[in-house]
Amino acid sequence: MSEQHNTGLPSESTKKKNFIYEIINEDLETNKWNGNIHTRFPPEPNGYLHIGHAKSICLNYGIAKDFQGKFNLRFDDTNPSKEEQEYVDSIIEDAKWLGVEFEDRLFFASDYFEQMYQFAIGLIKKGKAYVCDLNADEIRATRGTLTEPGEESADRSRSIEENLDLFQHMRNGEFKNGEKTLRAKIDMASPNINLRDPIMYRIVHETHQRQGNAWCIYPTYDWAHGLEDSIEKITHSICTLEFENHRPLYDWFLNELGIYHPQQIEFARLNLNYTVMSKRKLLQLVKENYVDGWDDPRMPTISGLRRRGYSSEALRDFAETVGVAKRDALTDISLLEFSIRNDLNKRAQRVMAVLRPLKIVLTNYPEDKVEELEAVNNPEDAAMGKRNIPFSRELFIEQTDFIENPPKGFHRLVPGGEVRLRYAYIIKCDKVIKNENGEVVELRCSFDPETKSGTGTSAKKVKGTIHWVSALQAVPVEVRLYDRLFTIENLASDENWLNFLNPHSLEIIDDALVEPSLQNAKIGEHIQFERNGYFCLDSKFSTQEKLVFNRTVTLKDSWTSKK
RNA sequence: UGCCGGGUCGUCUAAUGGUAGGACAACGCCCUUUGGAGGCGUCUGCGGAGGUUCGAAUCCUCCCUCGGCAGCCA
């Protein structure tokens, strides 16, 4: 961002962020929409929202906010066989959590069904739509191919009166599923297959989660979507690239109807490496129990990321970072991780927790002495204050912070070596105790009383500082470590995507130890386990008796990555 | 051999006929009682070939290449 202030040009928030802002700024200049800007997010309630939807929500809501326009949340509930109330509820919850405000503009496409029906009658009367008797197989067979035109249905020439009558009977429920359809009369030879007399209504005898049994004919996406946008006076109907080929149809319907006509604009959907982003695949992971639900912390769903410990701020920042363009992209997950680290670093309470404990005994420290040592809650934010942590003769440190035969450059604890215990003393490893298998089970160390943290009396310097917990006061907890859900970057084109599930995507440690202050941890809090990463209480499995922590993300590690 | 839309550092994204820049990643140095954070620095890119122009990522032509489309899904 430069410091130039060009009076007369769009303000900071409305200036060109991407090609869509460019279009909107042009529209504003030409007064195309009388100064109105109105966007929408139109999910089908057939699954939970994922981070790709978050990108779209942020885009649409961001535009409304930046241009002082309006934003609608609209459910595109036109297919009762795939949609459920549970999904409606989760989508509203996730959208709100993301921070979007739609005030009273929560809409349902199904509330427009009667209006759509009347529009369809208008098209029939104009000779632009007809009831077709062809079944699904026949329609497919007569659609032609990518390189050959289709054939016209014999019903194409039905009279307007007959079409009107038949359509009424369709609505009345006098036909079985699939027996008849209403089709637009466009062009069976169009090089764009979407224009080869597309279906507007199909018969589905099924209970709609909102409309009950009021309807047995349901509008298809192509027919319904432009109408929804038109009814709501949307100005910019933003959707993903796969609808590009549908735009001529979107325009055709609205032009033939002669009604308010929003502009459809397509952008590239978000893809993240090492995960999947299609609702179909996510549903399969849930249904077949590869994960413990839509909100499994390994899922790229908004609810999964939330349970994992991601903040809505981080998600919004990420959406901003990935940008908006028309080219297909596969975004590196490290971009997301940067956003969450960046956010949590500023506000997460620091705490000491030992994931894989190794006992140490300070042989020269008094048997029953307990010191209360002062620790900083967040070095990034002094306002977060300080706390005391207990220190005593028997402690636990991280197993990985001691190596008997260390590699070059390792500056933690080694036999005969010294290291600082965070907020406490410098200790020296005097003796290594092993079990019959030769595994290190305990260290005998001595501490240097002159090196107490904060006293400034020590001239001694050590290269490493490690975290620890006091054995007596430490609280045993369960910790869940997550890794990428899949082992390969790009699963988009692979039919055997399930073969690439990462068997180590979840690791459960049931005997981790945390400092006593964590007894009071609350669900929704973001906490940094020093040197280990950011964690949060698991909203599903954590109980008062057994705290369960999820690792949101590790800290950036410039040591292990070096090896 | 159809139609539509794309190809800029490893990744994402700017530059709209006038010095190819930012972020992430990586690497190096400094600093550090988190091998965190922070600071400084380095690194690498216009798919190709022609053309127009004083000047092309940008305009034109051809080629290569990637994605989407043949649901009564969205």
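Basis for what follows: all heavy atoms, side chains included, without hydrogens, waters or symmetry-related copies. Keep in mind that what you see is a predicted model, and the values were worked out from it rather than measured. A, B, ... follow the sequence lines: proteins, then strands. Residue 1 opens every chain.
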(message) From CD1 of A/I389 over to P of B/U34, roughly how many Å is that when rounded to an integer?
(response) 13 Å
(message) Once you apply a heavy-atom cut-off of 4.0 Å, does A/R350 come out as touching a base, just sugar-phosphate, or nothing?
(response) base
(request) Using only side-chain N and O atoms of A/R143, determine if any of them is under 4.0 Å from OP1 or OP2 of B/C69. (result) no
(message) I need the residues from residues 325-333 of chain A with at least one non-hydrogen atom less than 4.0 Å from RNA chain B; give them sorted by number, or say none.
(response) A/A325, A/K326, A/R327, A/D328, A/A329, A/L330, A/T331, A/D332
(request) State which of B/C69, B/U34, B/U33 makes the closest approach to the side chain of A/N245. (result) B/C69
(message) We want to know whether A/Y48 and A/E86 form a side-chain donor-acceptor pair, criterion being a heavy-atom distance below 3.5 angstrom.
(response) yes
(request) Using salt bridge (charged side-chain N to carboxylate O under 4.0 Å, His left out) as the criterion, list what pairs up with A/D155, not counting sequence neighbours. (result) A/R158
(request) List for me each residue that meets side chain to side chain donor-acceptor pair (under 3.5 Å) alongside A/Y201, sequence neighbours excluded, and say none if there are none. (result) A/W223
Using a cut-off of under 3.5 Å, enumerate the N/O to N/O pairs linking the protein to nucleotides 43-46 of chain B.
none

(request) Output yes when at least one side-chain N/O atom of A/K463 is less than 4.0 Å from OP1 or OP2 of B/G35, else no. (result) no
(request) Under 4.0 Å between any heavy atoms, over every strand shown, what does A/L249 touch: base, sugar-phosphate, or nothing? Just pick one. (result) nothing
(message) More than 12 heavy atoms of other residues, nucleotides or ligands under 6.0 Å from NZ of A/K428: yes or no?
(response) no
(message) Base, sugar-phosphate or nothing for A/H411? Non-hydrogen atoms, less than 4.0 Å.
(response) base
(request) Identify which nucleotide among B/A74, B/C72, B/G35 has an atom closest to any side-chain atom of A/R412, counting heavy atoms from C-beta outward. (result) B/G35
(message) Within the 4.0 Å heavy-atom criterion, would you say A/F243 contacts the bases, only the backbone, or no part of the nucleic acid?
(response) base
(request) Please determine if a side-chain N or O atom of A/R341 lies less than 4.0 Å away from the OP1 or OP2 oxygen of B/A37. (result) no
(message) Stem list for RNA chain B, please, built from Watson-Crick and G-U wobble pairs under 3.5 Å and keeping only runs of at least 3.
(response) B:2-7 with B:64-69, B:10-13 with B:21-24, B:26-30 with B:38-42, B:47-51 with B:59-63
(request) Between B/A74, B/U16, B/G35, spot the one nearest the side chain of A/R202, thanks. (result) B/A74
(request) Under the salt bridge (charged side-chain N to carboxylate O under 4.0 Å, His left out) rule, collect the residues that match up with A/R350, sequence neighbours excluded. (result) none
What pairs of nitrogen or oxygen atoms, one from the protein and one from nucleotides 39-42 of chain B, lie under 3.5 Å apart?
none

(message) Any base atoms under 4.0 Å from A/E266, or only sugar-phosphate, or nothing? Heavy atoms, all strands.
(response) nothing
(request) Would you please indicate yes or no on a ring centroid separation below 6.0 angstrom for A/F549 and A/F529? (result) yes
(request) Indicate, with a heavy-atom threshold strictly under 4.0 Å, whether A/N46 touches base, sugar-phosphate, or nothing. (result) nothing
(request) Hey, could you give me each pair passing salt bridge (Lys or Arg N to Asp or Glu O under 4.0 Å) that has a residue in residues 189-207 of chain A? Not counting sequence neighbours. (result) A/R156-A/D197
(request) Between B/U1, B/C12, B/C73, spot the one nearest the side chain of A/V322, thanks. (result) B/C12
(request) Check side chain to side chain donor-acceptor pair (under 3.5 Å) between A/K55 and all other residues, then give those that pass, not counting sequence neighbours. (result) none
(request) May I ask you to say what A/T145 touches in the nucleic acid, namely base, sugar-phosphate or nothing, with a heavy-atom cut-off under 4.0 Å? (result) base
(message) For A/Y250 together with A/H246, are the ring centres under 6.0 Å from each other?
(response) no
(request) In whole angstrom, give the distance that lies between atom CZ of A/R196 and atom P of B/A70. (result) 11 Å
(request) May I ask you to say what A/T181 touches in the nucleic acid, namely base, sugar-phosphate or nothing, with a heavy-atom cut-off under 4.0 Å? (result) base
(message) If you only use heavy atoms from C-beta on, which nucleotide in B/G71, B/G68, B/U33 is closest to the side chain of A/R140?
(response) B/G71
(request) May I have the distance from A/L270 (atom CG) to B/U11 (atom P), rounded to whole angstrom? (result) 16 Å
(request) Could you verify whether a donor N or O on one side chain and an acceptor N or O on the other, from A/D137 and A/N135, lie under 3.5 Å apart? (result) no
(request) Indicate whether A/W559 forms a stack on B/G35; treat it as stacked only if centroid distance is below 5.5 angstrom and interplanar angle below 30 degrees. (result) yes
(request) For the pair A/S110 (side chain) and A/D77 (backbone), establish whether a donor and an acceptor sit closer than 3.5 Å, ignoring hydrogens and angles. (result) no
(request) Give one of base, sugar-phosphate or nothing for A/Y218, where a contact means two heavy atoms less than 4.0 Å apart. (result) nothing
(message) Under the rule for salt bridge (charged side-chain N to carboxylate O under 4.0 Å, His left out), what residues qualify as partners of A/D332, not counting sequence neighbours?
(response) none
(request) Please tell me which of A/G464 and A/F338 maps to the more 5' nucleotide of RNA chain B, matching each residue to the nucleotide holding its nearest heavy atom. (result) A/F338
(message) Under 4.0 Å, heavy atoms only, any strand: does A/E44 hit a base, just the sugar-phosphate, or nothing?
(response) sugar-phosphate
(message) Quick check: on RNA chain B, is the nucleotide nearest A/L335 upstream (toward 5') of the one nearest A/F19, or the reverse? Name the residue that is more 5'.
(response) A/F19
(message) Check for me whether the distance between the ring centres of A/F318 and A/Y310 falls short of 6.0 Å.
(response) no
(message) Over all strands shown, is A/V324 touching base, sugar-phosphate only, or nothing at heavy-atom distances under 4.0 angstrom?
(response) sugar-phosphate
(request) For A/G409, report the nucleic acid contact type (base, sugar-phosphate, nothing); a contact means any heavy atom under 4.0 Å. (result) base
(request) With sequence neighbours left out, write down each residue that passes side chain to side chain donor-acceptor pair (under 3.5 Å) with A/D187, or none if nothing qualifies. (result) none
(message) List the residues meeting side chain to side chain donor-acceptor pair (under 3.5 Å) with A/S81, not counting sequence neighbours, and say none if there are none.
(response) A/N79
(request) Return no unless some side-chain N or O of A/S558 is found under 4.0 Å from OP1 or OP2 of B/G36. (result) yes
(request) Look at the side chain of A/P191 and decide which nucleotide, out of B/G2, B/A70, B/U34, has an atom nearest to it. (result) B/G2
(message) Any base atoms under 4.0 Å from A/I199, or only sugar-phosphate, or nothing? Heavy atoms, all strands.
(response) base
(request) Describe the nucleic acid contact of A/T78 in one word from base, sugar-phosphate, nothing, applying a heavy-atom distance below 4.0 Å. (result) sugar-phosphate
(message) As a test of reading the structure: which of B/G68, B/G2, B/A14 is closest to the side chain of A/N18, going by heavy atoms?
(response) B/A14
